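These numbers were taken from a predicted model, which means no experiment stands behind them. Both counts, for ligands and for their atoms, begin at 1 and track the order of listing.
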Amino acid sequence: MVPVKNLKLSGLNGDVRKRTVITVGDVKIGEDFVVIAGPCSVESEEQTLETARRVKAAGANMLRGGAFKPRTSPYSFQGLGMKGLKILEKAKKETGLPIVTEVTDPRDVSWVCEYADVLQIGTRNMQNYSLLQEVGKARKPALLKRGMYSTLSEWLNCAEYILAGGNEEVILCERGIRTFETYTRNTLDLSIVPSVKEVSHLPVIVDPSHGTGRLSVIEPMSLAAVAAGADGILIEVHHNPSEAICDKDQAMPPDTFEGLMKKLRTLRSCMDEINRSNGRGTMELSS
Ligand code: PEP
Ligand code: MN
């Protein structure tokens, strides 16, 4: 085991009770259990608005959707860019859900901030230091995905770049790492959740959609994330998965998402019971 060192800002540094709480809309991330849901990419106004309505009705706290898609192939759909952000703005106006959207280029950070409530940094950009520095200057929370080949130490050091710029609001997101397994798209490393909590005060959420890439595995891993002590989950939902342009195999239909939300609530209250008996307080599933 390798100790995680020199985490001046992201580390607990002896203060084991310290916890960062980040308020977005009416959710306190790090205190409440947060559910971020929505399509992989913003494809059209109809698709985003319909999906937003459905996830809102099921109890999601924030809407996700990519307007800039960092794709493996340059020939794949790259996102709608500015047009996508305007669609997200419309969805926020109608549903009231805060927006989580990815920023891929340091030059875009300042203007994407006008649309995003949370700036997502994707797995492929976790170590894009100029992007991290630019997000460090922003006054919007950052959702920093774990690099697909990154250790806990490397991940937290990237969070450190954002914090060092003066942006104190960093949410970590485990999204699966590359292993020899091929049945799932990635290997969701849930052991990282209690590990983060041992060394850092930052909230950590789990993305079982990219972490597994298989619809049938997303629900059990979402529940497992709750049991592991995650501060929330991020789920890809599409109103019509068979037509999703991006990440079709992991797109959850709204009815399934609604069922998952009910199970999450039940499990959250069990976890609250366990935490109370351990003297660790409660964590509410909002709405
Ligand atoms: C996403 O959440 O839209 C995404 C591209 O995820 P990741 O960076 O984890 O692959
Ligand atoms: Mn996706």
Quiz item: Is the shortest side-chain N to carboxylate O distance from Asp247 to Lys69 below 4.0 Å?
Solution: no

Quiz item: Under 30°, 30 to 60°, or over 60°: which ring-plane class applies to Tyr161 and Tyr129, parallel, tilted or perpendicular?
Solution: tilted

Quiz item: With ILVMFWY side chains joined below 4.5 Å, transitively, what does Tyr149's cluster contain besides itself?
Solution: Met148

Quiz item: If you stand at the Mn ion (ligand 2) and look out to OE2 of Glu236 and NE2 of His210, what angle do those two lines make, to 10°?
Solution: 80°

Self-check item: Atom of Leu63, atom of Gly38 and distance for their closest heavy-atom approach
Solution: CD1-CA, 4.0 Å

For ligand 1, output the ligand-protein N/O contacts shorter than 3.5 angstrom; if there are none, return none.
{"residue": "ligand 1", "atom": "2 (O)", "partner": "Arg64", "partner atom": "NH1", "Å": "2.7"}
{"residue": "ligand 1", "atom": "2 (O)", "partner": "Gln120", "partner atom": "NE2", "Å": "2.9"}
{"residue": "ligand 1", "atom": "2 (O)", "partner": "Lys145", "partner atom": "NZ", "Å": "2.8"}
{"residue": "ligand 1", "atom": "3 (O)", "partner": "Arg64", "partner atom": "NH1", "Å": "3.4"}
{"residue": "ligand 1", "atom": "3 (O)", "partner": "Arg64", "partner atom": "NH2", "Å": "2.8"}
{"residue": "ligand 1", "atom": "3 (O)", "partner": "Lys69", "partner atom": "NZ", "Å": "2.9"}
{"residue": "ligand 1", "atom": "6 (O)", "partner": "Lys145", "partner atom": "NZ", "Å": "3.0"}
{"residue": "ligand 1", "atom": "8 (O)", "partner": "Thr123", "partner atom": "N", "Å": "2.9"}
{"residue": "ligand 1", "atom": "9 (O)", "partner": "Lys145", "partner atom": "NZ", "Å": "2.9"}
{"residue": "ligand 1", "atom": "9 (O)", "partner": "Arg175", "partner atom": "NE", "Å": "2.7"}
{"residue": "ligand 1", "atom": "10 (O)", "partner": "Arg124", "partner atom": "NH1", "Å": "3.1"}
{"residue": "ligand 1", "atom": "10 (O)", "partner": "Arg175", "partner atom": "NH2", "Å": "2.9"}

Exercise. Taking the six-membered ring of Phe257 (Phe, Tyr or Trp), confirm whether the NZ or CZ of Arg54 is under 6.0 Å from its centre and within 45° of its axis.
Key: no

Practice problem: Would you mind telling me which of Arg185, Glu236, Arg175 makes a side chain to side chain donor-acceptor pair (under 3.5 Å) with His210? | Solution: Glu236

Quiz prompt | side-chain hydrogen bond (donor to acceptor under 3.5 Å, both in side chains) evaluation trace for Thr123 with Asn125 | solution = CA-CA 5 Å; Thr123 190; Asn125 270 319; over 6 Å; no

Quiz prompt | Apex the Mn ion (ligand 2); atoms Cys40 SG and Asp247 OD2; angle rounded to 10 degrees | solution = 100°

